[in-house]
Amino acid sequence: MKKRIGSYPRVRVEGGGRAVVSQAGGVLLVETVRKAGLDTAISAALTPWRKARALHDPGKTLLDVALAVALGGDCLADVAMLRCEPAVFGPVASDPTVSRLIDTIAASEEKALWAIRAARAEVREHVWRLADREAPDADGTVTVDLDGVLVIAHSDKEDAAPMWKRTYGHHPLMGFVDHGPGGTGEPVAALLRPGNAGSNTAADHITATQLALAQLPKKYRRGRRTLIRTDSAGGTHDFVAWLTQRGRWLSYSVGMTVTEAIHQHVLKIPASAWTAAVEADGEIRDGAWVAELTGDVLNGWPQGMRLIVRKERPHPGAQLRLTDADGMRLTCFATNTPDRPIAELEFRHRLRARAEDRIRAARATGLRNLPLHRTAQNRIWLEIVQIALDLLAWMPMLALTGKARLWEPRRLRLRLFTAAGQLVTTGRRRILRLARHWPWTGHITAALNQLTQLPDPG
């Protein structure tokens with residue numbers, strides 16, 4: 001009997017290989033940057049912060065860090081993975097140069113943030129035009145989801161504070177454009193807050209919404225075509241009143257806390273007033289019903305607000321709350337969308353759960369921790385994270401099809417970006433040859449062909 005020596009083949013490893021490119025699939029992000037015009041837009045925005053006789057362009061350096069984060073990095077030093085591949089990513093600044101740039105930008109924080117955000121908004125509008133029917137506004141509407149994120153800090157960083165979950169760190173408020181069932185989503189707001197910031201602070205929700213609206217094309221910055229969707233943290237009088245203020249007229253779908261007054265109204269709803277909840281395919285949701293509340297429970301709220309409550313049988317083992325009734329779990333939300341069935345509106349609000357997927361992707365893309373010490377620096381880091389998430393949303397939207405467009409960042413890295421390649425120089429051309437046996441080489445080459453066919457930015 002042959003003696004077994006192990007489960008894996010023994011490979012001899014030697015250094016000195018030439019013309020081999022790691023992270024070769026990262027060319028997808030590089031080509032996305034080029035076709036979107038993000039490199040020229042960010043470079044123009046950061047021109048005031050370029051020092052005389054500087055070797056590296058500030059915009060290129062900031063984008064290099066964002067590319068490193070998109071590829072899986074979680075600190076400034078991870079830009080080294082790009083520096084090792086100049087044939088794909090071009091010249092990359094040294095670690096001290098990157099740190100000095102972040103300090104320089106952070107010193108003029110608001111002005112620099114405004115410049116970066118304006119460039120992102122300009123590029124976003126261009127990308128949505130390129131995406132055409134695949135863009136998130138293909139149906140003429142845009143949905144923005146707001147949600148808080150808990151970021152744990154293991155050191156005493158500036159503005160880090162105890163959180164309500166008995167941890168320590170920061171509590172940013174994020175905003176994401178929902179791409180619907182056929183896509184992922186892209187970030188449009190990131191408001192850095194201390195860990196002890198309240199979940200239902202109306203002023204923070206207003207600021208985050210302002211940041212989000214500024215990222216949208218101008219035609220969506222006001223009017224009913226833009227839907228602002230939040231959990232119960234957004235169900236405050238001041239925030240709802242701001243959304244519906246004259247001249248703004250935004251649509252909203254915000255969760256509401258089930259108060260004692262709402263609970264008493266629910267108990268009075270006759271059985272005939274309850275409507276079965278629905279699923280995405282229009283089928284009835286088993287064990288769930290919805291009803292609309294009227295009367296004095298709407299006193300003090302803006303005119304046109306509709307209050308919709310859902311009761312549902314809890315999952316086995318789930319504990320009921322004091323506000324639940326008759327063994328049913330109660331949830332409530334408010335909206336100003338008229339003339340639509342309440343079951344359809346309730347399903348639309350339930351889709352806000354996709355924001356949790358966006359937060360999970362953000363945690364895997366630089367938001368697991370805030371690597372810098374000062375708040376001004378970490379606000380710049382949040383912009384870098386958003387640029388990385390933008391690229392991870394734009395590339396699939398412009399180049400991938402089918403189920404591949406729904407891949408989250410970790411899967412994109414594992415299957416596409418980490419693919420190795422061989423760099424071949426023939427004449428004046430450089431060709432990157434990917435491994436033939438790699439199962440997803442076809443996805444990479446097809447996506448690159450799709451990006452190549454897009455027009456160059458004017």
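Given the structure is predicted, the values throughout are model-derived calculations rather than measurements.
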Practice task
Using a strict cut-off of less than 4.0 Å between a Lys/Arg side-chain nitrogen and an Asp/Glu carboxylate oxygen, indicate whether Asp204 and Arg193 qualify as a salt bridge.
Solution key: yes
Problem - Pairwise side-chain contact, Leu101 with Val65, heavy-atom cut-off 4.5 Å (strictly under) - result: no
Exercise for the section: Could you check if a side-chain atom of Glu186 sits within less than 4.5 angstrom of a side-chain atom of Asp390, using non-hydrogen atoms only? Expected result: yes
Problem - Side-chain heavy atoms of Pro136 within contact of Thr141, under 4.5 Å - result: no
Handout entry: pair Trp394-Lys35: side-chain heavy atoms closer than 4.5 Å
Key = no
Practice task
Look at Glu344 together with Arg348 and state whether they make a salt bridge at an N to O cut-off of under 4.0 Å.
Solution key: no
Handout entry: Heavy-atom check, side chain of Asp147 versus side chain of Phe176, under 4.5 Å
Key = no
Practice task
List the atom of Asn336, the atom of Tyr252, and the distance in Å for their closest heavy-atom pair.
Solution key: OD1-N, 3.0 Å
Problem - Arg222, CZ: over 12 other non-hydrogen atoms inside 6.0 angstrom - result: no
Exercise for the section: State, yes or no, whether a side-chain contact exists between His171 and Met163 at a heavy-atom distance under 4.5 Å. Expected result: no
Handout entry: Side chains of Ile152 and Asn369 in contact at under 4.5 Å (non-hydrogen atoms)
Key = no
Problem - Carboxylate-amine/guanidinium proximity below 4.0 Å for Asp95 and Arg83 - result: yes
Practice task
List the atom of Arg405, the atom of Thr184, and the distance in Å for their closest heavy-atom pair.
Solution key: O-CG2, 3.7 Å
Handout entry: Electrostatic pair Glu408-Arg411, nearest N-O below 4.0 angstrom
Key = no
Exercise for the section: Carefully, step by step, assess Arg100 and Asp103 under the rule salt bridge (Lys or Arg N to Asp or Glu O under 4.0 Å). Expected result: CA-CA 5 Å; Arg100 285 194 297 269; Asp103 290 338; over 6 Å; no
Practice task
Would you indicate whether the side-chain heavy atoms of Arg430 and Leu423 approach each other to under 4.5 Å?
Solution key: yes
